[in-house]
Amino acid sequence: MHEPGATAGSGGHGRTDIDRLIDERVPGYSLAAPFYISPEFFARDIEAIFASTWIFVASSAEVPEPGDYLTIDIGAYSVIVIRDDDGEIRAHHNVCRHRGTRLLNDLSGSVGNIVCGYHQWTYTPSGELISAGVQAPGFDRSCFSLRSVNLRVIGGLIFICLSPTPPDDIDEVAKVIEPYLAGHDIAGTKVAAQSDLIEDSNWKLVMENNRECYHCEAGHPELTCTFFPTYGYDPDEIPKRLQPAYQRYLDAEDQLHANCDRNGLPYALVEELTGRPTGFRIERAALDGKGESYTMDGSAASAKLLGDLDTFVLGRASLHVQPNMWFHAMGDHVVTFSLLPLAEDKTLVRTTWLVHADAEEGVDYDLDNLTTVWIKTNEQDATFCERGHLGISSPAYVPGPYAPTESQVDDFVTWYIERLKAHKELNGHKEKGMRR
Amino acid sequence: MHEPGATAGSGGHGRTDIDRLIDERVPGYSLAAPFYISPEFFARDIEAIFASTWIFVASSAEVPEPGDYLTIDIGAYSVIVIRDDDGEIRAHHNVCRHRGTRLLNDLSGSVGNIVCGYHQWTYTPSGELISAGVQAPGFDRSCFSLRSVNLRVIGGLIFICLSPTPPDDIDEVAKVIEPYLAGHDIAGTKVAAQSDLIEDSNWKLVMENNRECYHCEAGHPELTCTFFPTYGYDPDEIPKRLQPAYQRYLDAEDQLHANCDRNGLPYALVEELTGRPTGFRIERAALDGKGESYTMDGSAASAKLLGDLDTFVLGRASLHVQPNMWFHAMGDHVVTFSLLPLAEDKTLVRTTWLVHADAEEGVDYDLDNLTTVWIKTNEQDATFCERGHLGISSPAYVPGPYAPTESQVDDFVTWYIERLKAHKELNGHKEKGMRR
Amino acid sequence: MHEPGATAGSGGHGRTDIDRLIDERVPGYSLAAPFYISPEFFARDIEAIFASTWIFVASSAEVPEPGDYLTIDIGAYSVIVIRDDDGEIRAHHNVCRHRGTRLLNDLSGSVGNIVCGYHQWTYTPSGELISAGVQAPGFDRSCFSLRSVNLRVIGGLIFICLSPTPPDDIDEVAKVIEPYLAGHDIAGTKVAAQSDLIEDSNWKLVMENNRECYHCEAGHPELTCTFFPTYGYDPDEIPKRLQPAYQRYLDAEDQLHANCDRNGLPYALVEELTGRPTGFRIERAALDGKGESYTMDGSAASAKLLGDLDTFVLGRASLHVQPNMWFHAMGDHVVTFSLLPLAEDKTLVRTTWLVHADAEEGVDYDLDNLTTVWIKTNEQDATFCERGHLGISSPAYVPGPYAPTESQVDDFVTWYIERLKAHKELNGHKEKGMRR
């Protein structure tokens, strides 16, 4: 009953401990503490999740012109995402092949070629080494191209995979997702705002927080202006006090479906959170209030409709791709969220607001009005996640049960354990088959 | 003779190294470096000392009303100390039974129930879960009470023990201690001031520093105003230059004993620092100067006498309970010290000044006058401890001999090793008897 | 070809991993990542390099008078360098023999005796304990002298060795070096300026950066005012664009040699970077521009010639001693560089400018003019080293090839591996021969 010390704090989890804890996971319950707080588990997460699955890093609107680049850190990795001269977006490890110097040191910028500031080794945006100063005879430049990283653009969303053998279910997922995104024409947007928030919390707690709205009613006064409070409930389980809201929701859904059908936008829920490497969920759902956008009253924040849409009343197309993204496309703007793990207790949440490329700040949109709901919501969630991390750090923590409204949290954790097991198995075979 | 590298720095002390170093401790000498600087040893200290013995955390005056609470961090543990509606003080782990969120996030405050800010799970001050939102059928709230922590109030001093099987010698110790404290009526005091000082030093160096006054004459000009410079000396060993001070001390003791007898206060020294889990030392001793209080001239700092005492000339009732407290009760005020380990090189020293509940600041007492001596002394000690920690961090450190005036330091270290051995033995049996 | 994860990040390198990586080093290539980023490797570096070889710490001009001292931190070691009453410079571990307190807590100062601030244990500058308060009968002060550290002064440069068995090739090295330094009379100088720069980089990257000028042309606009751009090139390999500079260099060398011969200064290159514990390189080389000093136009920064020199046109006597120093002596001033490792990713570079003891600031020299070139160059190098460290931290880093102009970098790395192997062998024997 009373057993402080049942978990062993964050100290010293060897490969065997980690493997045992993976096998012992109890479905329906939060994970054991070491998953969240141990540096060794964090290293495993980077290797088995963030370096093995597809990771959302940016939208194509963030690198509009050839030479435009971003640098993205994933664990100790640093990756350059750059638009090549042919218009294609490519990704390379941000490491010079000479003595390993980090090549590009800003979060974003624009270059002709990628030049190392140390000894001027020069690479094309495609990663080919074209100049390396005076070298010994026999030096073969073609052996020193940048190490490239797999990259997929899906409906304007850029995903990378650090593994040389990326999960190939990305094609299936892309086929499902793209039609939902197409009408919002992300390629025709521009970045209106971006915020980087570092939360003192394990990345899984940040993701779990995002996967339920059990905490929304009391925790997110701004978000709940447009968020139906019945989110996450089974229709059968909706408590009495929420019935009026539910009826409002049903009416808004009907309106939404009519608008979508007219604009050729799919809206059905597709949820494949577990059982595949690229677990995802997509749906289009009505917003409460004016039903147009994530603002305090639900009315559109940007006056320019995206793409060829004919109405703002399109609710939100909400996409979630595991392990690190959630996303909402409305008629007037798009907001993307990318979660990047920095340490076992530190996670970067990058939020980007995209509006029509022709929209003018101060004319077509007001920045505060556009960003308030999610800036406030992010801050509130950061507090929840940080307190979650603190509490779980106590040796007195024991895993607790997920409520019915937390089924997507349970799905996320199930997916996570699936991925760890898949990686373990692959790795076990590797270890038997060869010796480094 | 000259052997740098004899100690191995702070890197990588396994269970075996720790156990070996415990067995090899040489009495009369300071401990080997890893005891002070290794993170692995720190983890052992938390487990074997701070989670296994009785820890002083506050006085009852800090939670005067029902619903008043404190949060106390001990290593990675966070504990809520709260006064229940029935007036009893209780302690619980500060961890929600849902998903582990830290419940109360301030150092102190007042609540009706304990409500988790994340999903509104609600617990009574007794720890019972009374509300948990919508749950699946079969959810049994009674299985999700807060995990409670053992707590004892002794003469107004609150001790907790994180272990489910706390040392039962606390009853014997309480019986000895309480009569010394009773006359000062701690329940009838209020907090006049509190200071938290974080010292960059291992907690044992902080404790060792407190257990001798070899360093006082040169190191504590303010404290030595009222501290007889013969403190810690054997009567036979008092150097010639200190003989006049010793005579002054003997006279003051005679006066003290007469005053104590009249007020029904015990004053005999009881010292049981080793050989028991709850090692302690208590005595009442005269103060130098006016003999009333820890002020620059020894006169009372607060005009309101504590309890029913009839004179301020009562010296100090000084209590020390291992591992983490020292304490002085005077006729006019009480000062408590609680040491809480934060990391192998970081220790919180919390000092609290209590005066009569009816005393008014600016009328009955001046805050500076009340606190100066110990604020200055704490700062001076912090410097000593930090330099101690820095020096011991050098691989060139070798344990050195304690002087005769450092016998209580040696006793503390002996007690500490006893506790480590007792824990090791218990743990060894556990490991044999069962498998987690 | 594409194999992220080939290196294992910085986590958990045991003794075996370290030993294996030492054996697998590929000459001509930068080291594997763990050498630079792993805390375990850093601990090995401290033990095998910084506690085993001769380390440059200061010039004698920094402790001009008896009682003048410096404190130097090397890893967790703290060492006192003090000029004794007899004028000799001595070194001791900065650790009290009582309870281990750090004795001297400033970077530099002046004392009569070395007194511990805690309990007033008092040591002479020679390290003898002369006072220790009241002690038990039988306490023998002579058993508690400070633990001393080996020290050699070579031409005014102070080297210490933490090992009780320091490499004895220091005598041979001293014999070669001293004649180059003698004419600059370092004992007759004073400190004009000192800068401490902490670089977020492994110490070896800082050293490697210093061992080549491949990066100078683009990277060091101030330094290249006086630095021939052909530095580090084989005469046969000098590219066409650098031929005019090379001819200028040859002319300056002729002038230099005439001036040196007249002043009795040796100038031949002696390079023994590998194959000995005290790897070094010394030469006198012409400076570009006015050829007198490291200033923006190459003219002397201080109007007072050092020693008995009869001209400022003496180029630079450049000394490099592995693992931690480089140094330049000109006719008007001397600049010393001491590299001290703080953590696997943190290195202190201390730069000291020495001018004639009689030179007056504002009259004979302008501080900005004296220090600008190296302050700017240090800052530029810090950026290169920090980006090197960041890049190598990526699991995508693979060792790359050194260019022909980087031969001294390769020599440094070769020497480093030699030292690790020598230490490993010695240690292996120790482990077999005895048990601590």
Side-chain angles (χ1 to χ4, degrees), chain B residues 1-12 20 24 28-33 36-37 201 205 208-209 212-219 232-234 237-239 241-242 380-381 383-407 409, chain C residues 12-15 39-40 42-44 46-48 51-52 71 73-79 92-105 115-121 127 129 132-140 143-150 161-165 427 430 436:
Chain B
M1 199 73 178
H2 181 282
E3 31 181 350
T7 59
S10 69
R20 181 175 55 76
E24 291 178 355
Y29 279 76
S30 58
L31 292 165
Y36 300 109
I37 64 173
S201 179
L205 294 175
E208 294 176 19
N209 166 266
E212 47 91 1
C213 229
Y214 182 7
H215 69 277
C216 292
E217 195 184 353
Y233 280 84
D234 233 84
E237 281 173 348
I238 290 167
R241 65 178 172 91
L242 296 182
Q380 291 147 3
D381 281 331
T383 299
F384 295 139
C385 293
E386 289 167 11
R387 291 178 179 178
H389 196 94
L390 281 171
I392 288 170
S393 299
S394 169
Y397 162 76
V398 285
Y402 292 130
T405 51
E406 296 174 305
S407 63
V409 180
Chain C
H13 295 93
R15 186 159 282 272
E40 291 83 6
F42 181 72
R44 177 72 68 97
I46 294 296
E47 196 184 326
S52 298
T71 58
D73 290 350
I74 299 178
Y77 293 92
S78 177
V79 176
H92 312 288
H93 285 289
N94 192 6
V95 180
C96 186
R97 295 296 308 275
H98 177 209
R99 278 159 57 188
T101 308
R102 183 166 286 188
L103 295 160
L104 298 177
N105 292 278
V115 182
C116 182
Y118 202 170
H119 303 93
Q120 274 61 53
W121 283 37
L129 178 64
V134 177
Q135 293 291 347
F139 178 85
D140 180 358
C143 295
F144 298 99
S145 297
L146 292 182
R147 297 181 75 186
S148 64
V149 172
N150 287 290
C161 182
L162 292 164
S163 167
T165 54
N427 217 50
K430 260 195 216 156
R436 288 187 222 178

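Every chain is numbered from 1 and lettered A, B, ... according to where its sequence line falls, protein lines coming before strand lines.
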Nearest-0.5 Å distance that lies between atom [atom1] in [X] and atom [atom2] in [Y]:
X      : Y      : atom1 : atom2 : answer
C:L103 : B:L390 : CG    : CG    : 11.5 Å
B:Y397 : C:S78  : OH    : OG    : 16.0 Å
C:Y118 : B:C385 : OH    : SG    : 5.0 Å
C:H119 : B:H215 : NE2   : NE2   : 6.0 Å
C:L104 : B:R387 : CG    : CZ    : 9.5 Å
B:I392 : C:R99  : CD1   : CZ    : 8.5 Å

Worksheet item: Based on non-hydrogen pairs under 4.5 Å, which of C:C116, C:G100, C:C96 is most in contact with chain B?
Response: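 Most heavy-atom pairs under 4.5 Å with chain B: C:G100.
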Can you name the closest pair of heavy atoms from [X] and [Y] and give their distance?
X      : Y      : result
B:P395 : C:R147 : O-NH1, 4.4 Å
B:S394 : C:V95  : CB-CG2, 3.7 Å
C:G117 : B:F384 : O-CE2, 3.2 Å

Fill in: Pairing residues for C:Q120 by the side chain to side chain contact (heavy atoms under 4.5 Å, CB included) criterion, not counting sequence neighbours
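Residues passing side chain to side chain contact (heavy atoms under 4.5 Å, CB included) with C:Q120: B:A218, C:V115.
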Discussion item. Among residues at least two apart in sequence or on other chains, which ones pass side chain to side chain contact (heavy atoms under 4.5 Å, CB included) with B:E386?
Written reply: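 With neighbours one apart ignored, the set is B:E199, B:D200, B:A382.
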Item to complete: Would you mind checking which part of B:E208 comes under 4.5 Å of any heavy atom in chain C, side chain (CB onward), backbone (N, CA, C, O), both or neither?
Response: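 B:E208 touches chain C through backbone and side-chain heavy atoms alike.
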Item to complete: Tell me, for C:A136 versus chain B, whether the close heavy atoms (under 4.5 Å) come from the side chain, the backbone, both or neither.
Response: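 The answer is both parts of C:A136.
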Discussion item. I'd like to know whether the aromatic ring centres of B:Y214 and C:H98 sit less than 6.0 Å apart in this structure.
Written reply: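 Yes, close enough.
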Practice prompt. Measure the shortest side-chain to side-chain distance between C:R97 and B:V398 over non-hydrogen atoms and say whether it is less than 4.5 angstrom.
Written response: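 The answer is yes; the side chains approach within 4.5 Å.
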